[in-house]
Number of protein chains: 2
Amino acid sequence: MDANVSAIGRHMKKRRAERGWSLSRTADICGVSKAMLGQIERGESTPTISTLWKIASGLQVPLSQFLVPEGLALQRMEAMPRHHDASGMIVTPLFAFDPVLGFEMFAIELLQDTLSESAPHAAGVVEHLVVLEGRMELFVDGGWQALSAGDAVRFPADQPHAYRNRNPEPAKIHDLIHYPFSG
Amino acid sequence: MDANVSAIGRHMKKRRAERGWSLSRTADICGVSKAMLGQIERGESTPTISTLWKIASGLQVPLSQFLVPEGLALQRMEAMPRHHDASGMIVTPLFAFDPVLGFEMFAIELLQDTLSESAPHAAGVVEHLVVLEGRMELFVDGGWQALSAGDAVRFPADQPHAYRNRNPEPAKIHDLIHYPFSG
DNA sequence: AAGGAATGTGCGTTATAACGTACATTGCGC
DNA sequence: GCGCAATGTACGTTATAACGCACATTCCTT
């Protein structure tokens, strides 16, 4: 994560610069010592959420803004770990779960005669499928849905669900799993 | 703020209970000592964002969930982005923006010699690209990145950015745009 | 140049986040 | 009843977040 933490300082300095505030002035308004503000901006210490809240409030900036990943996160296809499931399902993580964004995303390849069953996720979890190539079937809400390339489907995943491919051609899909914001 | 901080412990305990995890198990998975987890749940200490991140990550819960007042689930969905349909760019919406989920997703096809420039989005907006077919280039952080099929990239979109395809074969990509929750 | 005010950083101290271990309590099988 | 494992809490220690103050540097103004 720590790339993420180090970004807080830069975000903060940027916002402060936008307002043209000095460390001292910012310290007065936020109620945080200017020494601490300086250290945070330089990445020399990681604030508690309590002080981060004070800072965000003082700068009148949404707190989540500080937590957004900064800089570009590029992942090359060749460098991606692949996970071969016993059942003929090849899973490649595209974007790892990030607590700020609230989702993770996989590329999945279903070989011929593959069946993958999933236990229900936690309440509020929503899955999104986009079929890239081939055909497949999705079991959800008690029935099988036939999907082919180009189709996109969103369904609540807090219930039993399954994927299968009964065709000779492998099916390639994207699977985005979104975890709930509040419960 | 402190009403907000005290809510962190309750949120946390709730998530942990949902998964049926003990403090010890949660400590192992999150990489945070169970003593600390207990103190946080009881509101006896306010975690640093670093440890809060570990906890959120381990529980697979959006970090913002801990920070938002309990019971509030709605964000303003102002700032739905506009697409300039540049010539040679074909945009197909896959998932429309949903204020609960906080993102939208498009399939984009870039024909030969297509250049699409985007103005900066609002602060905190994060874009995710996955290249499905062909090759393309992404301009971000002041430089061009060459991408080819299978590559996945995440970048902050609150800055000028652009896509282009200078190859004869069309490039197909998925574009996921995530909007921050505002505090 | 020289003085003064404002800036950001360094230092020593205090408060507390975080850890590891030991303890009390509960629940379950025999 | 008696172990016995698992749970969450209390304690002592270490690491570090946060503070206040002093210092060096830059930027004005004279």
Side-chain angles (χ1 to χ4, degrees), chain A residues 1-61 63-68 70 99-100 122 183, chain B residues 1-61 63-68 183:
Chain A
M1 96 154 256
D2 290 341
N4 213 345
V5 156
S6 68
I8 292 178
R10 286 190 290 275
H11 271 125
M12 196 166 143
K13 191 164 191 172
K14 193 174 169 188
R15 297 304 156 211
R16 188 168 65 85
E18 283 177 4
R19 291 189 168 48
W21 290 358
S22 69
L23 280 183
S24 303
R25 179 181 175 82
T26 309
D28 289 342
I29 294 179
C30 297
V32 176
S33 72
K34 72 171 179 175
M36 180 85 302
L37 293 178
Q39 288 187 23
I40 294 172
E41 284 191 356
R42 280 171 274 143
E44 292 176 14
S45 70
T46 61
T48 63
I49 50 153
S50 173
T51 60
L52 191 60
W53 180 278
K54 293 182 194 168
I55 295 168
S57 284
L59 289 174
Q60 296 189 319
V61 154
L63 205 160
S64 49
Q65 192 171 315
F66 287 123
L67 305 173
V68 158
E70 196 197 42
V100 173
Chain B
M1 103 153 251
D2 289 341
N4 215 345
V5 155
S6 68
I8 292 178
R10 287 191 293 274
H11 272 127
M12 202 168 131
K13 190 163 191 171
K14 192 173 170 188
R15 297 303 156 213
R16 188 168 66 82
E18 282 178 5
R19 290 180 173 53
W21 291 357
S22 69
L23 281 182
S24 303
R25 179 180 174 80
T26 310
D28 289 342
I29 293 179
C30 297
V32 176
S33 74
K34 73 170 178 176
M36 181 85 301
L37 293 178
Q39 287 188 22
I40 294 172
E41 284 191 356
R42 278 172 275 142
E44 292 176 14
S45 71
T46 61
T48 63
I49 49 152
S50 175
T51 61
L52 191 61
W53 194 93
K54 291 182 194 169
I55 295 168
S57 205
L59 289 174
Q60 296 227 302
V61 153
L63 206 159
S64 26
Q65 179 176 316
F66 290 123
L67 307 172
V68 158

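Numbers restart at 1 for each chain; the letters A, B, ... are given by sequence-line order, proteins then strands. When reading the values below, keep in mind they use all heavy atoms of this one structure, side chains included, and skip hydrogens, waters and symmetry mates.
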Using the closest heavy atom to pick a nucleotide of DNA chain D for each, name whichever of B:K13 or B:T48 lands nearer the 5' end. B:K13

Is the phosphate of D:dA6, meaning OP1 or OP2, less than 4.0 Å from a side-chain N or O of B:S24? no

What's touching nucleotides 25-28 of chain D from the protein side, N or O pairs under 3.5 Å?
none

Supply the atom-to-atom distance B:L59 CG to B:K54 NZ, rounded to the nearest 0.5 angstrom. 14.0 Å

Which side-chain N or O atoms in residues 28-36 of chain A pair as donor and acceptor under 3.5 Å with protein atoms at least two apart or in another chain?
from: A:S33; atom 1: OG; to: A:M36; atom 2: N; distance (Å): 3.2

Between B:R16 and A:Q39, which has a closest nucleotide on DNA chain D that is more 5'? B:R16

Pairs involving residues 14-23 of chain A, ordered by first then second residue, that meet side-chain hydrogen bond (donor to acceptor under 3.5 Å, both in side chains) (sequence neighbours left out): A:R15-A:E18, A:R16-A:E41

Could you list where the contact with chain B starts and ends along DNA chain C, reading 5' to 3', using a 4.0 Å heavy-atom cut-off? C:dA17 to C:dG20

Going by the rule salt bridge (Lys or Arg N to Asp or Glu O under 4.0 Å), which residues pair with A:R42 if we only count those two or more places apart in sequence or in a different chain? A:E44

Sorted by number, the residues of residues 27-37 of chain A with heavy-atom contact under 4.0 Å to DNA chain D: A:G31, A:V32, A:S33, A:A35, A:M36

Calculate the interatomic distance between A:L23 atom CG and D:dA18 atom P; express it in whole Å. 15 Å

Would you say the side chain of A:L37 lies within less than 4.5 Å of the side chain of A:M12, judging by non-hydrogen atoms? yes

Write down the distance between NZ (A:K54) and P (D:dA18), rounded to a whole number of angstrom. 8 Å

Have a look at B:R25 and say if it touches a base, only the backbone sugar-phosphate, or nothing, with a 4.0 Å heavy-atom cut-off. nothing

Kindly write out the residues that satisfy side chain to side chain donor-acceptor pair (under 3.5 Å) with B:Q60, not counting sequence neighbours, or none if the list is empty. A:Y179

Which atom pair, heavy atoms only, marks the closest approach of B:I49 to A:I49? CG2-CG2, 3.5 Å

For the helix from C:dG4-D:dC27 to C:dC30-D:dG1, what angle separates the axis at the start from the axis at the finish, each from five pairs, in steps of 10°? 20°

Do A:S45 and A:I40 make a side-chain contact, defined as non-hydrogen atoms from C-beta onward lying under 4.5 Å apart? yes

